[in-house]
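Protein chains get the first letters and strands the later ones, always in sequence-line order, with residue 1 at the start of each.
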Number of protein chains: 2
Amino acid sequence: MATKQRGRPRSFDRETALEQAMQAFWEHGYDAVSIADLTRAMDIKAPSLYAAFGDKRTLFEEAVEAYVHSYAVFTVKTLAEAPTARGAVDRLLHEAAVSHTLPGLPRGCLLISAATNCSEQSSDVAEALKERRNAGIAFIERRIAADVAAGVLPAETDARALAVYTGTVLQGMSQQARDGADRATLEAVADFAMQAWPPEHAGETSSDAG
Amino acid sequence: MATKQRGRPRSFDRETALEQAMQAFWEHGYDAVSIADLTRAMDIKAPSLYAAFGDKRTLFEEAVEAYVHSYAVFTVKTLAEAPTARGAVDRLLHEAAVSHTLPGLPRGCLLISAATNCSEQSSDVAEALKERRNAGIAFIERRIAADVAAGVLPAETDARALAVYTGTVLQGMSQQARDGADRATLEAVADFAMQAWPPEHAGETSSDAG
DNA sequence: CTCTTTCTTTAGCGGTTGCTACAGAAAGAC
DNA sequence: GTCTTTCTGTAGCAACCGCTAAAGAAAGAG
């Protein structure tokens with residue numbers, strides 16, 4: 001049933017090329033990476049790029065998906081699986097300290113830093129990443145609110161503010177990683193950040209909430 | 001003694017034009033703002049821009065200076081004048097909540113967000129802002145270390161990590177402001193952030209240190 | 001007035017941008 | 001082998017990039 005692909009086969013590995021494009025976008029951002037930069041990084045010519053990935057914007061969107069799949073799925077996983085919101089965020093911050101300073105890869109988080117400086121005509125690219133970031137914070141907020149409802153976190157906890165605080169630290173850590181902070185420093189930052197969290201009511205979890 | 005200026009006088013106000021350029025850079029970043037964008041925002045033609053400000057990079061540097069003078073001098077002032085490092089940072093974070101969300105102005109902090117996505121050939125612009133950010137953190141670190149030495153903060157306080165934590169929150173707040181967080185939310189973030197700070201030893205100040 | 005100085009304007013430089021038409025190359029179908 | 005399909009490389013499109021030469025306009029000096 002599987003009829004063989006007709007015509008001349010592609011001479012490059014699509015996944016590898018996408019990975020190279022992703023790293024270029026990760027390091028310099030959407031607007032700052034030109035098609036010439038991409039074809040150099042991916043080691044293919046422009047027509048091959050356009051045939052395989054559409055246009056620059058579509059390639060970027062696919063690169064974002066690849067980034068999420070490779071380096072950010074742990075976020076959702078951690079938030080969903082950890083027994084409490086506090087434990088989840090603690091792990092999240094420490095995992096960020098690691099993933100933002102991986103050797104041989106660009107610093108920081110692509111979702112945070114790849115579309116900060118955008119011209120007017122690519123403002124929708126910036127908007128898309130902004131919505132991803134805010135969705136992440138909303139996700140953390142729901143996790144916190146569940147723990148508040150379950151009595152794990154104090155009833156007076158402002159779930160929204162605590163979630164935004166957590167997102168603020170995460171986004172600041174990305175910037176710090178790009179500015180040269182190493183993993184150990186970011187781990188120390190994560191430890192400090194967790195001391196602002198309200199204490200948990202021991203002996204209870206909200207793992208059934210969500 | 002004051003001989004009058006010869007030749008045709010400038011038909012625009014240099015400071016006003018610089019202010020417009022600064023806001024354009026503030027909102028979109030160095031690379032994403034073209035000369036055409038600038039001449040439109042400043043309401044002058046390109047040769048007038050080049051005659052008055054040199055080239056794009058020089059104009060950006062002057063815009064950064066103008067930004068610091070208008071919106072960031074309070075930082076150094078606060079750090080130098082507040083009786084303790086803790087009090088200084090507390091004021092700093094709340095002032096940031098205000099200045100990052102001023103109505104009618106771009107969101108966030110120019111020093112943090114105006115050179116995040118840079119092409120290779122303008123990497124020195126990014127480097128210059130990065131050094132400003134790290135110098136700010138080093139300044140906070142010295143203020144903390146002085147309080148530790150004076151016994152105001154616990155002896156075991158890691159001044160470097162606490163300073164980087166503070167910078168992380170400040171930079172995250174800028175990102176949050178750009179992502180839509182309002183002043184009240186950022187103030188709540190600032191309050192959370194301060195709860196990670198170690199307690200002060202009451203009845204003592206380090207106002208003589210520095 | 002003329003002369004000099006400095007600004008403003010028009011017009012356009014060489015280079016780069018994202019993107020593509022077109023011809024040639026490499027595969028399967030027959 | 002030929003035909004069809006699909007990818008690759010060359011070469012180049014219109015539009016924009018940062019920047020500037022050249023000419024005209026507006027001021028003071030004489």
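Defined by atom type and a distance below 3.5 Å, a donor-acceptor pair is missing between the side-chain atoms of A:Gln23 and A:Glu27. A donor-acceptor contact under 3.5 angstrom links the side chains of A:Asp31 and A:Ser122, judged on distance only. At a cut-off of 3.5 Å, with distance as the only test, a side-chain donor of B:His94 or B:Asp191 sits close to an acceptor on the other residue. Side-chain contact check for A:Thr78 and A:Glu95: at least one donor-acceptor pair (N or O, by modelled atom type) lies under 3.5 Å. No donor-acceptor contact under 3.5 angstrom links the side chains of A:Thr101 and A:Arg107, judged on distance only.
Panel note: side chain B:Asn117, backbone A:Thr116; a donor-acceptor pair is recorded below 3.5 Å. With A:Asp179 contributing its side chain and A:Gln176 its backbone, the two residues share no donor-acceptor pair below 3.5 Å. Under the 3.5 Å distance criterion, the side-chain polar atoms of A:Ser123 are matched with a main-chain donor or acceptor of A:Glu120.
Whole-Å rounding puts the A:Lys45 NZ to C:dA23 P distance at 19 Å. The interatomic distance linking A:Gln121 (CD) with C:dG18 (C1') rounds to 11 Å, in whole Å. Note: CG (A:Leu49) to P (D:dT8) measures 11 Å, nearest angstrom. Nucleotide C:dT8 holds its C1' atom 17 Å from the CZ atom of B:Arg14, rounded to whole Å. What separates CD of B:Glu120 from P of D:dC17 is a distance of 21 Å, to the nearest Å.
For the pair A:Ser11 and D:dT8, the criterion of a side-chain N or O lying under 4.0 Å from OP1 or OP2 is met. Contact between the side-chain N/O atoms of A:Tyr50 and the OP1/OP2 oxygens of C:dT20 is not found at any separation under 4.0 Å.
Looking at residues 31-44 of chain B, you'll see that no heavy atom sits under 4.0 Å from any atom of DNA chain C. Within residues 53-63 of chain B, no residue has any heavy atom under 4.0 Å from DNA chain C.
At the heavy-atom level, A:Pro9 lies under 4.0 Å from the strands shown only through sugar-phosphate atoms. Contacts of A:Ala46 with the nucleic acid, taken as non-hydrogen atoms under 4.0 Å apart, include base atoms.
Closest to the side chain of B:Arg8, from the set C:dT8, C:dG18, D:dT8, is C:dT8. Comparing atom distances between the B:Arg6 side chain and each of D:dC7, D:dA29, C:dT9 picks out D:dA29 as nearest.
Looking at A:Tyr30, A:Phe53, A:Trp26 one by one, the single match for ring-ring contact (aromatic ring centres under 6.0 Å, His included) with A:Phe60 turns out to be A:Tyr30.
Between B:Gly7 and B:Pro47, it is B:Gly7 whose nearest contact on DNA chain C lies nearer the 5' terminus.
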